[in-house]
Every structure is written in structure tokens, then in C-alpha cells.
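What you see is a predicted model, and the numbers here were worked out from it, not measured in a lab.
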Amino acid sequence: MSIACRIANSLQQQERAEALQSKCAELENQHQQDAQTIAKTQKRAEALQSKCAELEEQHYRDAQTIHQAENQHQQDTQTIVELQAACAACAQLEEQHQRDAQTIAQLEKQHQEDAAELKRLNAIVGETENQAADRTKILVNASVKIQSKWRSFLQQQRLQRDSAEQDRRNRRLKVESAIASFQRLWRLRQKRRQRRWQLAQSMETETTPYDAILAVTSLAEFLSTREIKFLQKAESHFEIAKESRYRILAVVGLFDKGKTWLINKLFGVKLASGKLCTTKGLSFLWIKERRMLVLDSAGVQSTVSYRAQAVDAIHDAQTTESLMFEMVSRIAHHMVFVVNDLTWFEQKHVAMLHQKYVQSKQHKELIVVHNLRNTTDVQEARKLFQRQVMLCYDGEPSHLGQLIFTADAGEGAPPVHHVGLCHEFSVAGEAFNSKNRDYLLQSLEHGNTLGSNIVLTDLLCAELSRLLPKFVSIDNTEPEASESTPCPMLFVKFKSRAENADTHVESEAYAPLGSMCIHLSPEKAHLSTKTRGVISPLGEIIAHDVSFDPNVNVFDKSISAGIQRYIRVECPGVVDDDIQWEELPNGVKITINKKPPIEEHSVHPVQPIRQHHGIWERKFLFDHSDGRFELCEEEAELEGGVLTIVLRKSLQPRKGKFQGKARASRSYQASGPAAL
């Protein structure tokens, strides 16, 4: 039993040892885990780990001893005692491990606090180092600034001394320059005063009269009297009714722009000019050495008499100016348009004049003279010319002088030359006027050197005869007018003084050489302007065209018998007796004489009377490639104020065969005529 008890006790001890061994293993694992969690464990934790390893080895040896030596009970007892001691030691080790864990936690917390304190101390040290570096930089910058300010102060003192010395020199130079300028201006003023005095003396002593004057002032007066007097200077050597080769230079522009002044300066004459002098009609000046006839006009937009508050006076002036402007542009070889400050209205006239040359395919170069008579400063003249001309037109300035510009009017169109002139007795005038006048004269000389063989009276009569039908309507007032009466005709013819017994002398300087007379056929036809001035609802004076110009429509219409061509003329107020027609080869001529429905001379208008009347005539000729048209007289009608003329188109041409005279005669008697 004792052996069994021993074996049982040994087994119990073995179980206890195994339990202790497992518990030691668990503690070892826990210890290892704790050792891993504290990366930086101290020496005591390492000693505990080594002691546990020794206990494990000792336990292993005890187990072997129990299994190998059952008889050595004492040794086993001692071993059990040692094991119990080891268990107690393990318990102590566990307690010590817990205390070590608390110590490690406290150490970690202390370590974190030490790290934070170290970080704070490092930040303080870094900030202190930065402050020290900043103080060093500030001290260096301050020293540099003090040195630079000291140097700049010394340099500024030197500059102030130099500037003061330069100012004293400049003041001395300015005083000397002012004295020289004053002396120069004084001399110029004395020269200008002398020139003005000489000019005034020359104007008081003698003025150059025009060689001839076409005294046209009003188109209405011309239509009423049917003549315009042609006046000529008694001492003039220019013969207006004799053929001669020369050039016509027309100087045109708006009213009071300096046209006569320009002629005086260009040709060295003394024509009467100024605010109180007005050019009458078309005035001609003969420049013999240049073979040039200079035409001076009254200008556009001149003042008219408005005492009766009549609109017709203003409209008559507008119509007269348009007629004269058109005639001058046709007869002149050279055109000079004079302006002051260039406005859109003058730009419109220049464009209209240039467009007439383009449409008529005449290569006449228009010259625009900018009379800057209020400009005395050189810089002001340049800026003004650049703003009004160079910035408004495409082109190039001239290399021959300043204030000279050539505008490009497009491919194939003649250019437009712009020349500037300033106040005559000024610095700008002395800088530009002489050169620009020479340039202008050279341009005129080289533009058309030969001129034309001209009889001035015949030329004016021919142009007036062409232009008057555009401005004037002719009313045939003869009561016996019938279909056989020819259409009224108008032409202008020069009637010399010998043929005109009613002429009288206008003044001592000018004598009537003859008259430009209107001839009418029939003579009793009434003349009136096609346009009449009326006031619009907005109060604007507008032109009302009284000439009869109906709307016409021509169209083809297919019918069963073929194609008919219709001519429809809208002519309200026209009766059958007012219409005449005449068949033409492959066409028709229509003439309508619309009489005024209101006899304006026998009524008192409450409002402006607007009516259309006059003779309208048109030929309708059609191309033979369209076919052959025959007039259908039986289908012509006038209904509802619309005249309808019908032409029938022949679809198949007539054909025949030549068979001799006898057979042709028999064939003609049998079946009618046949065309070849």
C-alpha cells in the first residue's frame, strides 16, 4: 500500500507538476507577450525571463528523476519541496511581473512626458536660434540701409548742387531764347503788318474784274424771262463766242469758304473777296499765259430772300444750285472743291462729284482744298488735317510737302487730292501755304495740258439744253393741239447783243454781250420746274416732283391663239385724247400728255398742292430674238386709270417661194401677199 500510495502521490505530484508546468508555460507566454509589448524592457524583466527558463529546465529534470527513480522518495520529496518553493517563487514572480508592468506603464507615461518636454525644449531652442538669426539679419540690413542712405544723401546733395547749377544755366538760356523769340516775333509782326498794309493799299487802289459773268441767280427767273444775260468786261481780251483752245478750271464749294481768295492767291490777281463781296452767277477769269479759264461760282447754300416766308424761294435756290453744280462739273477740265473744316455735308458733295466722273468714265482728278483760315499754329494744322482727312480716307500722304494727301477711290477710279492751306499771315501759313499752292498749280498744269477747242457760248448752250429737261417740265397749253402736233422741244441758244435790241448796260465795268435764250417748240408752251418745295409733316422743306412719270409693267401671257405681250401704264386722270401711240419695228411708242387737274393759277391753295402733269413718252422696242410682235389695236384699252397695250407674238414666220413677177402677181391676187 505504501508503494501504491507513493505511486498515487507521485501521480498527484506529477499532475500537479504538469499543472504547474502548464501554468509556467502560460506565465512564460504571458511574460513573452509582456516582453514583446515593452520593446525596451529593463534588466529585471530579462532576469525573470531567464529564471523562468531555468525553472522549466529544472522541472524537466525533476520529471525525469520521478520517472527514473521511484525509489528515491526522499529525492522526490525534496523535489516536491523544491517544486512547492518554485510555485511560491512563481507566485512571487507573477506579483513582481504585475508590479513590473505598472512600473513599465509609469515609465512609458514618464517617457511620453519627457518626449513632450524635449519637443517643447527643442521648439524653444529653435525659436531662440531663429530669433538670433533674425536679429543678425536685421542688424545687417539696418547697417546696409544706413550705409545706402548715407551714400544717397551724399549723392542727392551733389545732384542738388548740379541741378541748381543747371537750373541757373537753363533760366539764363530761357531768358536769352525768350529775348530772341520776342525779337523774331516782333520782326515777323512788323513784316505782317507791312504786308497787310500793302495788301490793304493794293485792294483800295485796284481790284481785278472778271472777264465774263453768266448772270444766273434763279432757275425760276430764267424760266420766266427765258434768258440769262452774259456780261463781259469792256477791257477783256477773252472772246466768249470765238473758238479757242484752253482749259476750264472750276472752283466750287459751299458759300463763303474762300473760293475767290484761293483764286487770288493761286494766280496773283485781286478779285473782290471778303464777307461783303458775293460772286454772282458763274464768273469767268481769263489767265492768258496759262491758257486757262477760271470759273468762280457763288457757292452752295447761299442766303436767299425770305421776306414773303415763301418755301419756293429756298427750293428755287436748291434747284438752281443743283443745276449750276451739274453744269460746272460737266464743262470743267479741272475741279477744285474748297472747304473749311470738313463736314459730312461737304464730304457728300465731294463723293457725288467724284461718282459722276466714275459713272461717266471721265478721268478727272478732283482736288479738295482745305482752307484752314482760322488755324495759325503748325502743330494744330497737322493734327486737324490728320483728323479730318488722313484718318477718314484710305490713301497716302505726299512726299512733296505736308498737308498734302491723295485718297484712294478704288481700282480704276481717279484719285482725290487733298491740299491744306492755313491763315495767310501766321506761322502755319508761312510753313505750308507757299509750297502747297505751288503743288496745286503744278497739279493743274500737268493734269490736262492741251485742253480742248471750246466756244464757251456753244458749250454752255449745249449743256443747258441737255440739263434743263431734267429739271424742267414742258406743258403744251395750245388749245388747238391735236394728234398731229409734235411733242414740245426745248433748247438753249446764245443771242448776241446785236440781235437783242432790249439789252441795256448793267454797269460801267460790265456790258451785256448777249443772252442765253430758251427756245421752245411750240413757243406758247409753259415751263415749270419738275420739283416744287413743300413742307413735310415734320416741318422739313422737301422737293415734290410734279413731272408725270407713271409706273409701267410689261409681261407675257399665253392664250389659245399664242402668246401676247401686255404693256400696262398706270395713268390716273388721263383720258383717251391725251394718249398717242405709234407702231415701231417690233415695238411701239407711247406718248401721254397728262394735263394738270387743278389750274393752280386760278385757285388759292389752303395746303400745298401736289399733282403730277406733263408729257411722258417711251419707246418699247423688243429684241428680235424674242420673236416678232405686232400691235393689236382693237385690244388696246384705258380702264380705271390703267392703259393696256397688247402686242401679239407671231409664232411661225411667214414663208414663200420666188416664182417670177407674173406668177407672183397671180399668186398675190389669189391668196394674198407673202414675205420672203
Please find the pair of heavy atoms, one from [X] and one from [Y], that lie closest to each other, and give the distance.
X: R387; Y: C392; value: O-SG, 3.4 Å
X: I563; Y: S558; value: CG1-OG, 4.2 Å
X: T406; Y: P415; value: CG2-CB, 3.8 Å
X: A250; Y: V328; value: CB-CG1, 3.3 Å
X: K259; Y: V252; value: CD-C, 3.4 Å
X: V492; Y: S465; value: N-OG, 2.8 Å

Determine, for [X] against [Y], whether the closest basic-nitrogen to carboxylate-oxygen distance falls under 4.0 angstrom.
X: K595; Y: D578; answer: yes
X: E630; Y: R628; answer: yes
X: K589; Y: E617; answer: yes
X: K619; Y: E582; answer: no

Quick one: does any side-chain atom of [X] pair with a main-chain N or O of [Y] as donor and acceptor, under 3.5 Å?
X: H354; Y: P414; result: yes
X: K364; Y: A332; result: yes
X: N551; Y: E570; result: no
X: T320; Y: L219; result: yes
X: D211; Y: F238; result: no
X: S515; Y: E227; result: no

Close side-chain approach of [X] and [Y], heavy atoms under 4.5 Å:
X: S244; Y: E239; answer: no
X: T644; Y: V642; answer: yes
X: V574; Y: L643; answer: no
X: I287; Y: L293; answer: no
X: M324; Y: V216; answer: yes
X: F230; Y: L460; answer: yes
X: W616; Y: P550; answer: yes
X: N374; Y: L372; answer: no

Between atom [atom1] of [X] and atom [atom2] of [Y], what is the distance when rounded to the nearest 0.5 Å?
X: N371; Y: L262; atom1: CG; atom2: CG; result: 7.5 Å
X: Q347; Y: Y393; atom1: CD; atom2: OH; result: 4.0 Å
X: R565; Y: F622; atom1: CZ; atom2: CZ; result: 5.0 Å
X: I645; Y: W581; atom1: CD1; atom2: CH2; result: 8.0 Å
X: M352; Y: E326; atom1: CE; atom2: CD; result: 8.0 Å
X: Q232; Y: Y210; atom1: CD; atom2: OH; result: 15.5 Å

Does L444 form a side-chain contact (heavy atoms from CB on, under 4.5 Å) with L249? I'd like the steps, not just the answer. CA-CA 8 Å; L444 296 175; L249 167 63; 3.8 Å; yes
Is the number of heavy atoms from other residues, nucleotides or ligands within 6.0 Å of [atom1] ([X]) greater than 12?
X: E634; atom1: CD; result: yes
X: E243; atom1: CD; result: yes
X: D623; atom1: CG; result: yes

Worked check of side-chain contact (heavy atoms from CB on, under 4.5 Å) between R291 and R245: CA-CA 8 Å; R291 292 186 300 105; R245 179 181 288 275; 4.0 Å; yes
Test side-chain contact (heavy atoms from CB on, under 4.5 Å) on T591 and I579 and set out the steps. CA-CA 6 Å; T591 303; I579 302 172; over 6 Å; no
Apply ring-ring contact (aromatic ring centres under 6.0 Å, His included) to the pair Y246 and H333, showing each step before the final yes or no. CA-CA 10 Å; Y246 54 87; H333 297 87; 7.8 Å; no
May I ask you to check whether Q388 and H370 show a side-chain donor-acceptor distance below 3.5 Å? no
Plane angle bin for F555 and Y566 - parallel if under 30°, tilted between 30 and 60°, otherwise perpendicular: parallel
Working note: L513 + L231, criterion side-chain contact (heavy atoms from CB on, under 4.5 Å); need CA distance, chi angles, decisive distance, verdict. CA-CA 6 Å; L513 190 65; L231 308 178; over 6 Å; no
